There are 2 protein chains.
Amino acid sequence: MKQTKDRKAEILQTAALLFKQKGYSAVTMRDLADAVGIKAASLYNHINSKQQILSEIIFAIAEDFTEGIEEIVAQETNAQAKLKAVVAQHITLTADNPYGMAALNNDWMHLEDRLEYYLKLRNQYEKRFREIVLNGQQSGQLKNVSHEILLFSVLSTLRNLYLWIPRKADLQKEKLIDDLSEILLQGVVQ
Amino acid sequence: MKQTKDRKAEILQTAALLFKQKGYSAVTMRDLADAVGIKAASLYNHINSKQQILSEIIFAIAEDFTEGIEEIVAQETNAQAKLKAVVAQHITLTADNPYGMAALNNDWMHLEDRLEYYLKLRNQYEKRFREIVLNGQQSGQLKNVSHEILLFSVLSTLRNLYLWIPRKADLQKEKLIDDLSEILLQGVVQ
DNA sequence: ACGTAAAACTAACGATTGTTAGTTAATTAT
DNA sequence: ATAATTAACTAACAATCGTTAGTTTTACGT
């Protein structure tokens with residue numbers, strides 16, 4: 001028996017890594033058990049089901065995002081500062097848990113019982129994000145292109161950070177926040 | 001029996017849709033057969049394996065991208081025009097086959113025998129894209145931020161178009177090309 | 001009208017899936 | 001030291017997986 005009081009955390013972390021590599025459906029409980037170094041049946045001393053593993057991984061992050069954007073919306077700052085805060089939040093949360101972010105992005109459709117709650121959180125997040133963009137356009141700070149395209153474009157990049165951040169061994173978070181905000185807000189042309 | 005000479009095309013198209021909804025591993029041959037309106041065993045009158053379905057879906061698109069970017073690199077235009085051409089290529093190919101694009105993005109890791117060839121095509125594509133960016137930076141047209149961040153940011157948005165384009169029933173392709181190029185190249189701040 | 005080929009069907013295969021039952025070993029509390 | 005609890009194990013389950021074999025039905029060229 002491994003001497004540790006949080007085998008469960010190890011299982012969730014390992015599962016997130018495997019989910020990122022092959023997707024939820026392609027990862028078997030035996031794959032997961034092998035990666036942890038125990039037998040598949042032993043996993044059930046720590047978790048109730050494969051479903052629950054996915055659920056815990058996803059909602060640990062999803063709720064952070066929903067709470068975070070509420071704080072950003074409440075800030076008394078201009079749209080540009082709020083957008084930079086959103087970029088910073090994505091970078092921070094992704095750096096904390098990149099493989100969980102992968103599951104959040106790619107495996108949410110397998111949530112089954114808790115799918116509805118996930119969609120609620122996601123819609124709430126996007127609604128707040130949209131508010132920031134629309135306010136920024138009304139105040140003349142942001143360009144008057146379709147706010148849908150604008151939202152899609154920025155969010156696509158932010159949601160893909162889980163692919164990029166783990167490749168950077170020596171991540172300088174503050175520099176990444178500055179550089180990525182610059183690119184997303186001001187563009188890439190000199 | 002359904003009166004059609006290209007059941008195979010229907011199978012591939014339906015498979016791409018299902019792969020987008022649930023991912024390759026979660027789609028069973030019985031799911032696919034149901035969606036087509038036949039029995040699972042009958043699928044094998046038209047295709048050799050589940051693997052082959054994925055492979056045909058992905059490479060039909062992947063090869064288009066690789067060929068397309070070679071043409072763009074060969075253009076005698078500046079970096080900004082080349083980047084806009086890349087945006088246009090992504091929008092065109094994604095609009096032609098959004099569900100295939102989803103498989104290309106999300107299910108490539110299940111290619112097994114043909115995984116190596118896929119990675120070769122993808123690396124070739126990214127290498128050409130990088131050339132465009134580096135040339136643009138050297139000539140002073142593009143900002144001197146990390147070209148890796150720049151590449152990641154633009155490519156993330158373009159690779160996510162498969163999520164956005166099918167939601168637009170009345171897609172005005174030329175307008176989308178203009179708007180998205182504007183946002184990616186010039187940013188969102190007024 | 002009839003023969004041939006294409007494409008559907010039913011039935012089943014061996015392998016693998018998530019999970020449970022029952023048991024043994026290891027850790028912790030008294 | 002011993003009892004109680006935790007966490008590992010082996011073995012097996014019913015269900016489902018991709019796929020094959022063999023058969024029947026449909027469509028088409030002559």
Side-chain angles (χ1 to χ4, degrees), chain A residues 1-59 103 106-115, chain B residues 1-59 103 106-115:
Chain A
M1 197 189 325
K2 190 174 175 184
Q3 170 71 17
T4 167
K5 66 174 183 291
D6 41 15
R7 187 91 308 161
K8 182 174 176 179
E10 186 188 3
I11 290 171
L12 293 180
Q13 204 174 325
T14 307
L17 171 62
L18 295 181
F19 291 168
K20 187 222 164 192
Q21 290 171 348
K22 308 201 294 176
Y24 173 77
S25 303
V27 176
T28 72
M29 295 303 273
R30 285 163 183 86
D31 289 340
L32 176 54
D34 281 353
V36 173
I38 60 179
K39 296 293 172 181
S42 303
L43 293 169
Y44 290 83
N45 288 318
H46 305 278
I47 52 93
N48 297 323
S49 66
K50 191 185 176 188
Q51 270 296 306
Q52 186 208 7
I53 294 177
L54 181 66
S55 188
E56 292 205 18
I57 291 172
I58 287 181
F59 285 108
N106 302 326
D107 294 318
W108 57 267
M109 69 285 281
H110 301 111
L111 279 173
E112 300 192 2
D113 287 348
R114 306 196 64 186
L115 178 58
Chain B
M1 193 188 332
K2 191 174 173 183
Q3 170 71 16
T4 165
K5 65 174 183 291
D6 41 14
R7 246 277 119 103
K8 181 174 176 179
E10 186 189 3
I11 290 171
L12 294 180
Q13 204 173 326
T14 306
L17 172 62
L18 295 181
F19 292 168
K20 187 221 164 191
Q21 291 171 347
K22 308 202 295 178
Y24 173 76
S25 302
V27 176
T28 71
M29 296 302 274
R30 287 165 182 85
D31 289 340
L32 176 54
D34 282 352
V36 173
I38 60 179
K39 297 292 172 181
S42 303
L43 293 170
Y44 290 83
N45 287 320
H46 307 278
I47 51 95
N48 297 323
S49 66
K50 191 185 176 189
Q51 270 298 305
Q52 186 209 7
I53 294 176
L54 181 65
S55 189
E56 291 205 19
I57 291 172
I58 287 181
F59 285 107
N106 302 325
D107 294 318
W108 57 268
M109 69 284 281
H110 300 113
L111 279 172
E112 302 192 0
D113 286 349
R114 307 195 62 185
L115 178 58

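These numbers come from the heavy atoms of this one structure, side chains and all, not from hydrogens, waters or symmetry mates. Below, chains carry the letters A, B, ... as their sequence lines are ordered, and counting in each starts from 1. Keep in mind the model is a prediction, meaning the values are calculated, not measured.
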remark   = From CG of A:Asp6 across to C1' of C:dT27 the rounded distance in Å is 16 Å
query = Roughly, in whole Å, what's the span from CG in B:Leu43 to C1' in D:dC17?
reply = 14 Å
remark   = The correct set of residues in residues 46-56 of chain A placing a heavy atom under 4.0 Å from DNA chain C is A:Ser49, A:Lys50
If you restrict it to nitrogen or oxygen atoms, what contacts under 3.5 Å exist between nucleotides 9-11 of chain C and the protein, and what is each distance?
{"unit_1": "C:dC9", "atom_1": "OP2", "unit_2": "B:Lys39", "atom_2": "N", "d": "2.5"}
{"unit_1": "C:dC9", "atom_1": "OP2", "unit_2": "B:Ser42", "atom_2": "OG", "d": "3.1"}

key: Distance-minimising heavy-atom pair for A:Ile58 and A:Ala103   = CD1-O, 3.7 Å
task = Return the set of residues passing ring-ring contact (aromatic ring centres under 6.0 Å, His included) with B:His46 (not counting sequence neighbours), or none when no residue passes.
result = none
query = In Å and rounded to the nearest 0.5 Å, what is the CD to CG distance from A:Gln51 to A:Asp113?
reply = 7.0 Å
ask   = Could you give the distance from CD1 (A:Ile47) to CD1 (A:Ile11), rounded to the nearest 0.5 Å?
value = 6.5 Å
Identify all side-chain donor-acceptor contacts of residues 12-22 of chain A below 3.5 Å with residues at least two apart in sequence or on another chain.
{"unit_1": "A:Thr14", "atom_1": "OG1", "unit_2": "A:Glu10", "atom_2": "O", "d": "2.7"}
{"unit_1": "A:Lys22", "atom_1": "NZ", "unit_2": "A:Asp31", "atom_2": "OD2", "d": "3.2"}

Under the rule for side chain to side chain donor-acceptor pair (under 3.5 Å), what residues qualify as partners of [X], not counting sequence neighbours?
X: A:Ser25; value: A:His110
X: B:Arg114; value: B:Ser55
X: B:Asp107; value: none

note = Sorted by number, residues from residues 24-35 of chain B placing a heavy atom under 4.0 Å from DNA chain D are B:Val27, B:Thr28, B:Met29, B:Arg30
key: Pairs flagged by salt bridge (charged side-chain N to carboxylate O under 4.0 Å, His left out) wherever residues 42-57 of chain B is involved - sequence neighbours left out   = B:Lys8-B:Glu56
query = What residue pairs, at least two apart or across chains, pass side-chain hydrogen bond (donor to acceptor under 3.5 Å, both in side chains) with a residue in residues 34-44 of chain A?
reply = none
query = Closer than 4.0 Å, any side-chain N/O of B:Arg7 to the OP1 or OP2 of C:dA8?
reply = yes
